[in-house]
Amino acid sequence: MITAYEPQKIEPKWQKIWNDEKAFAATNDYSKPKYYALVEFPYPSGQGLHVGHPRPYTALDIVARKRRMEGYNVLYPMGWDAFGLPTENYAIKNHIHPRIVTERNVAHFKNQLQSLGYSFDWDREINTTDPNYYHWTQWIFLKLFKTGLAYKTEMPINWCTSCKVGLANEEVVNGKCERCGSDVIRRMQTQWMLKITAYADKLIDGLDSVDYIERVKVSQKNWIGRSTGAEVDFSLEDSEDKLRIYTTRPDTIFGATYMVVSPEHPFIEKYADRIENMDEVRAYREAAAKKSDFERSELAKEKTGVELKGLHAINPATGKPIPIWTSDYVLMSYGTGAIMAVPAHDERDWEFAKKFALPIIEVVAGGNVQEAAFTDVASGKMVNSGFLNGLEVADAKKTIIDWLTEKGLGQAKVNFKLRDWVFSRQRYWGEPIPIVKCEKCGYVPLPEEELPLLLPDVESYMPTDNGESPLAAMTDWVNTTCPCCGGPAKRETDTMPQWAGSSWYFLRYTDPLNDKALASPEALKYWMPVDWYNGGMEHTTLHLLYSRFWHKFLYDIGVVPCPEPYQKRTSHGMILGENGEKMSKSRGNVVNPDDIVREFGADTLRTYEMFIGAFELAAAWSTEGVKGCRKFLERVWKLQDMLTDEDSYSAAMETRMHQTIKKVSGDFESLKFNTAIAAMMSLVNDFYRAGKVTRAEFSTLLILLNPVAPHMTEELWALYFGPSRIYQQSWPQYDEAKTVEQTVEIALQMNGKMRGTLVIEKDAPKDEVLAKAKEALAARLDGVTILKEIYIPGRIVNLVVR
RNA sequence: GCGGGUAUGGCGGAAUAGGUAGACGCAACGGACUUAAAAUCCGUCGGCGGCGACGCCGUGCCGGUUCGAGUCCGGCUACCCGCACCA
């Protein structure tokens, strides 16, 4: 009589044993082949683990466990991305130090993760708020500063008038503060910036060398937004001055019938005395400035603008004067803040020209430019364009750029949508920026020996009225001496954003205790790059881009051995509530993983989350579905009753065994966990039908299932195959020849319609199969002519008849 | 508007290179066991027609290629996720 399946008993037992035996610790034996599997480390929020977390963690846990069984030295680490706003806000509200809140949350998260039986190497646990960790975050910042990639500049930030705090864009919802609902205004503030734009080309080009799922590559490319075009100078009538514009269509320059500058363009103030309607222009500019980003996009449909009366530019191609307008559809932040408008071949210019009755001149034939802008660049020849007439668009581009360059009027130019990274936060709970400001020497980096610059304990970490970080109130800490001249100086009081710590954490796991460097060159050389990194799509454009940027920078200064941090990147879908909506407290559809573990066990939760559907797509939670997975594990458990002493596969099951090993092995590699589990369910159903399972069959099944349901399979292994551990076993092998059935059932079709099936020997000759097929279909073949006979071995016979 | 994704039974979802649509699971129904229920085990389970072997229809919609299309091509529709006047 076998015991009942009680995950609540066996799961904690094995978790302790694995922990005591250090079963999953990566070794420093650099002679073994390595495999580095990585999942995004969580932000330890007060809410605890969400059922969304186990999906990617289980997926790569499966990969990691399989790799160990295949003989690799596997690094599958976990840590905490623990700096950040929610913790600080919670601390402010409840008057607890953020460090205490973080400790508490980390303990809770760790407990929850351990209850799920992940094979993380807990000896390498890291925490971004640990001074031994952020020491190196600060060190990287110093390197960026010394290379000129970190700089300070004044720029507008989102400022909540009620909370008196700078907000991230994500915290501004419809122009209001996410938390208090008050108005958010734009306010100028000095900020640290990182020059990620210097790496724009490398970040795009590097994508060719890595194995990321296609949609991730596409998103990154779109976000960086490389465009190639030209800058052209338009001279001002009655002046030596020039107005520089950026265009991707220099070929259409003969069709430029007016110009538009952004309302913030310095040109406007410069020529204020020549602009006849300056009052009107100023009023327009103020109205545009007042619009929030939200309003700007809401009103995007209708173009607005004002002509700068009294000013004209000269179209360098035609030599004719054209008017200059200002409109908020031209952004100061992109290109030069000024454009040449070609209404015939640009939709926005066309709309604007129609509204203000500006001339539309066709320069590329192929459309009706009075009806709509003709933007096709693949067809059509140049017209009304002087020396460009008759050329294709692509040739015209080259010709005009050469001409402009030769005349000194312009040159080819590449632009990016990507902006430099705003790296300052006026917040307490982040890494201090290791810079002091000296009256004499300016911004001076702290000497590397003085790192880490500890985040001081403050009395109050409440935000201040003037928008400075709470650290600014700590005069003892702020006032210091200049490392350069020894004179009085003040520390930088802004802290780094949450993205900082996560931009290099994968490097630290390779050598987490190192106090001489962020990691030893040997460890980096052995472990890097990450072989497989899985994470959410929401991190594609921020975290993934930022960390690639830092890594490429560290590569350029010789700290890391490879130009890309991640060899392979995959992404999982979200887990939605039972009603198909996103899980949230307000919708009341949140499922707590602890409840599932308590009621059904961790193995069931893991199995269910892998079985729920295609890994990369969103999937709705179903508690009934969870029960089904528990039932499957029960059925595996009860195979004990049918176990025979045979140490080989039974004749009837041999093919099935080899097929299943092949299927499960392949599906685990391609993230098709749902079909891998389905194959194992099928196999178990077959054992039930046979009423028996041999020891060899059972042990193979247990190993195949182990990565998904590690506790139960470890327990059954100990009961029947011990004293070794299942995690020490080798991954089962299959024999390709033995995966093929001796007899196959093929379909019989007439004119492509199903007319029956036929069981034949696997490699029966074509003639024989066709003869049998005709025999089987004899009744239908009366009085018809066979025009064609198609036989696809193992699949179908199709007779084309008349 | 642009970019990306998705569309298959009552439901979640399967279908390598075009080749028996609906694997596996859930729910439902029937049977066995039970005093009974739960659990478990066995079975049925796309729609319409027929007592029946069987026939017709069927993978969002319209059209095409092919002996054969969920899969390929052209043209739509709906929903989801990004970005949002990037010249």
Side-chain angles (χ1 to χ4, degrees), chain A residues 214-219 221-223 225-227 229 245-250 252 260 262 293 296-303 327-331 333-342 345-349 351-352 415-419 537-538 540-541 573-574 576 580 582 607-608 611-614 616-629 631-632 634-635 638 663 666 670 672 674-685 688-689 691 745-758 787-801:
Chain A
E214 199 50 33
R215 58 192 173 129
V216 169
K217 287 192 183 185
V218 169
S219 298
K221 280 181 193 163
N222 289 345
W223 188 262
R226 177 157 65 190
S227 84
I245 60 100
Y246 174 72
T247 177
T248 55
R249 294 295 304 277
T252 61
V260 188
S262 162
D293 289 347
R296 276 205 179 191
S297 60
E298 276 298 283
L299 302 170
K301 310 278 179 288
E302 186 72 4
K303 295 273 182 291
S327 169
D328 62 4
Y329 85 87
V330 173
L331 309 175
S333 55
Y334 186 78
T336 62
I339 62 155
M340 67 174 197
V342 184
H345 305 288
D346 180 281
E347 279 167 29
R348 294 150 303 180
D349 297 344
E351 235 181 276
F352 193 84
N415 263 330
F416 298 94
K417 284 189 205 176
L418 186 68
R419 294 282 98 87
M537 278 307 287
E538 70 275 20
T540 300
T541 46
M574 238 193 298
L576 306 171
K582 203 167 167 177
T607 307
Y608 175 64
F611 188 61
I612 191 167
E616 61 276 21
L617 300 180
W621 184 267
S622 155
T623 300
E624 291 302 325
V626 177
K627 286 183 195 166
C629 289
K631 205 158 109 185
F632 164 61
E634 296 266 11
R635 277 164 74 81
K638 283 185 294 191
K663 175 80 180 154
S670 44
K672 291 160 87 177
N674 51 342
T675 50
I677 291 167
M680 290 188 274
M681 286 172 168
S682 259
L683 183 68
V684 171
N685 291 345
Y688 272 72
R689 259 186 283 274
E745 189 188 48
I746 63 166
L748 299 183
Q749 294 185 346
M750 284 174 66
N751 291 342
K753 285 195 181 272
M754 277 294 293
R755 286 295 179 255
T757 58
L758 181 68
L787 301 175
K788 199 171 174 186
E789 296 166 342
I790 294 155
Y791 171 50
I792 308 293
R795 298 285 187 182
I796 60 148
V797 168
N798 187 14
L799 302 178
V800 184
V801 302

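Atom set for the values below is all heavy atoms of this structure, side chains included, hydrogens, waters and symmetry mates excluded.
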Whole-angstrom distance between B:G49 and B:G10, as gauged at atom P: 15 Å

Roughly how many Å is it from CG in A:N222 to C1' in B:A84, rounded to a whole number? 12 Å

Would you say the side chain of A:K303 and the base of B:C85 hold a donor-acceptor pair, judged only by whether the two atoms sit under 3.5 Å apart? yes

Separation of B:G1 P from A:E347 CD (nearest whole Å): 11 Å

Report yes or no: is the cationic atom of A:K303 (NZ for Lys, CZ for Arg) closer than 6.0 Å to the six-membered ring centre of A:F352, at no more than 45° off its axis? no

Would A:K217 and A:E214 pass as an ion pair if we require N to O under 4.0 Å? no

In whole Å, what is the span from the CG atom of A:L787 to the P atom of B:C67? 11 Å

Expected label for B:G9 (glycosidic angle, syn inside 90° of 0, else anti) would be syn

In terms of side-chain heavy atoms of A:R635, which of B:G4, B:C41, B:A15 is nearest? B:C41

For atom OH of A:Y791 and atom C1' of B:G68, their distance in whole Å: 17 Å

CE of A:M681 to CZ of A:F611: how many Å apart, nearest 0.5 Å? 4.0 Å

With respect to the side chain of A:Q749, which nucleotide from B:A14, B:U20, B:G5 is positioned closest? B:U20

note: A:R755, atom CZ; B:G68, atom P; distance rounded to Å ~ 14 Å

Whole-Å P distance, B:C11 and B:U66: 36 Å

Inter-residue atom distance A:T252.OG1 - A:D346.CG, 0.5 Å rounding: 8.5 Å

In which ranges does RNA chain B form stems of 3 or more consecutive Watson-Crick or G-U pairs, distances under 3.5 Å? B:1-7 with B:77-83, B:10-12 with B:24-26, B:28-32 with B:40-44, B:46-49 with B:54-57, B:60-64 with B:72-76

Taking atom P in both B:G18 and B:A69, what distance in whole Å separates the two? 13 Å

Counting side-chain heavy atoms from C-beta on, which of B:G25, B:G4, B:U20 comes nearest to A:E745? B:U20

What is the separation between atom NZ on A:K627 and atom P on B:C24, rounded to the nearest whole Å? 22 Å

